[in-house]
Amino acid sequence: ADRALDGANDTEAEQLMVIRDLEARHAANSAHREHRERLDEIASAMDVSLLHFGNAGNVSTDEDPQSMVVSLGSSFEALVEGQHATEASLRQLFLKHYSEGSEQLAELVQHQGRLNHTLSTVTELHADLKEAVAHLEQVHDSLESQTQQLRGFADSLSRRELPAEASSAPEA
């Protein structure tokens, strides 16, 4: 927007300044209106509370202060009873969730134990298999060496001349 001000002529610059000023006023008015609405909400909630108290049970506006104090005392007692009931309900809910969590933890610990046992078994099996592979490679190398030796022996035998037979072929 600042670049627009630099590059624009005076009329356009004045128009941009007016727009900025209007936007700032609108933002301030919106904030003020939202604040006033919140205050009105709080005030209306308090009016409802006071009206509720004024119309509660056997309390009338003509009664003396002593009866209002008694009424307030009973209201506080009801509030305390409600708070105790809520506390008991929350305690019961907590104990239920705690119990479920403890059971889940026990199951997870057992599962981890099984997984650890499986891991150790697999690790041992892997080590045994590595040992078996090494032994088989050694046997393979040995057999291959023996095969080469037998081929060499067979090759040397095949190059020798056959001994002359003492008797010639039988006559028939």
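Just the heavy atoms: all of them, side chains too, but no hydrogens, waters or symmetry mates, feed the values below. None of the values given here were measured: they were computed from a predicted structure. For reference, positions follow the sequence shown, starting with 1.
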T123 side-chain N/O to L119 backbone N/O, donor-acceptor pair under 3.5 Å | yes
Could you grab the distance from atom CG of L129 to atom CD of E124, nearest 0.5 Å is fine?
-> 12.0 Å
Report the C-alpha distance between D21 and M17 in whole Å, list the side-chain angles of each, state the deciding distance to 0.1 Å, and finish with yes or no for side-chain contact (heavy atoms from CB on, under 4.5 Å).
-> CA-CA 6 Å; D21 186 42; M17 292 299 285; over 6 Å; no
Side chain S89, main chain A85, donor-acceptor under 3.5 Å | no
Give a yes or no on whether the backbone of S67 and the side-chain of S71 come within a donor-acceptor separation of less than 3.5 Å.
-> no
Is the closest basic N to carboxylate O distance between D155 and R151 below 4.0 Å?
-> no
Calculate, to the nearest 0.5 Å, the distance between atoms CG and NZ belonging to D128 and K130 respectively.
-> 12.0 Å
T147 side-chain N/O to L143 backbone N/O, donor-acceptor pair under 3.5 Å = yes
Pairwise distance NE2(H35) to CG(L39) - rounded to 0.5 angstrom | 4.0 Å
Can you tell me if CD on Q148 sees more than 12 non-hydrogen neighbours from other groups inside 6.0 Å?
-> yes
Is L95 close to Q92 at the side-chain level, that is, under 4.5 Å between some pair of heavy atoms?
-> no
At what distance, to the nearest 0.5 angstrom, does OG of S30 lie from NE2 of H32?
-> 11.0 Å
Hey, are H111 and R114 close enough side-chain-wise for a donor-acceptor pair under 3.5 Å?
-> yes
Output yes when R36 and D40 qualify as a salt bridge under the 4.0 Å nitrogen-oxygen rule, no when they do not.
-> no
To the nearest 0.5 angstrom, please state how far the OG atom of S102 sits from the NE2 atom of H97.
-> 13.0 Å
In this structure, are over 12 heavy atoms from other groups packed under 6.0 Å from Q83 atom CD?
-> no
Using the test side chain to side chain donor-acceptor pair (under 3.5 Å), find all partners of S99 that sit at least two apart in sequence or belong to another chain.
-> none
What's the spacing between S145 OG and L150 CG if we round to 0.5 Å?
-> 9.5 Å
Listed partners of E103 passing salt bridge (Lys or Arg N to Asp or Glu O under 4.0 Å), at least two apart = none
Would you check, one step at a time, whether the test side-chain contact (heavy atoms from CB on, under 4.5 Å) holds for V133 with E137?
-> CA-CA 6 Å; V133 166; E137 286 175 349; 3.8 Å; yes
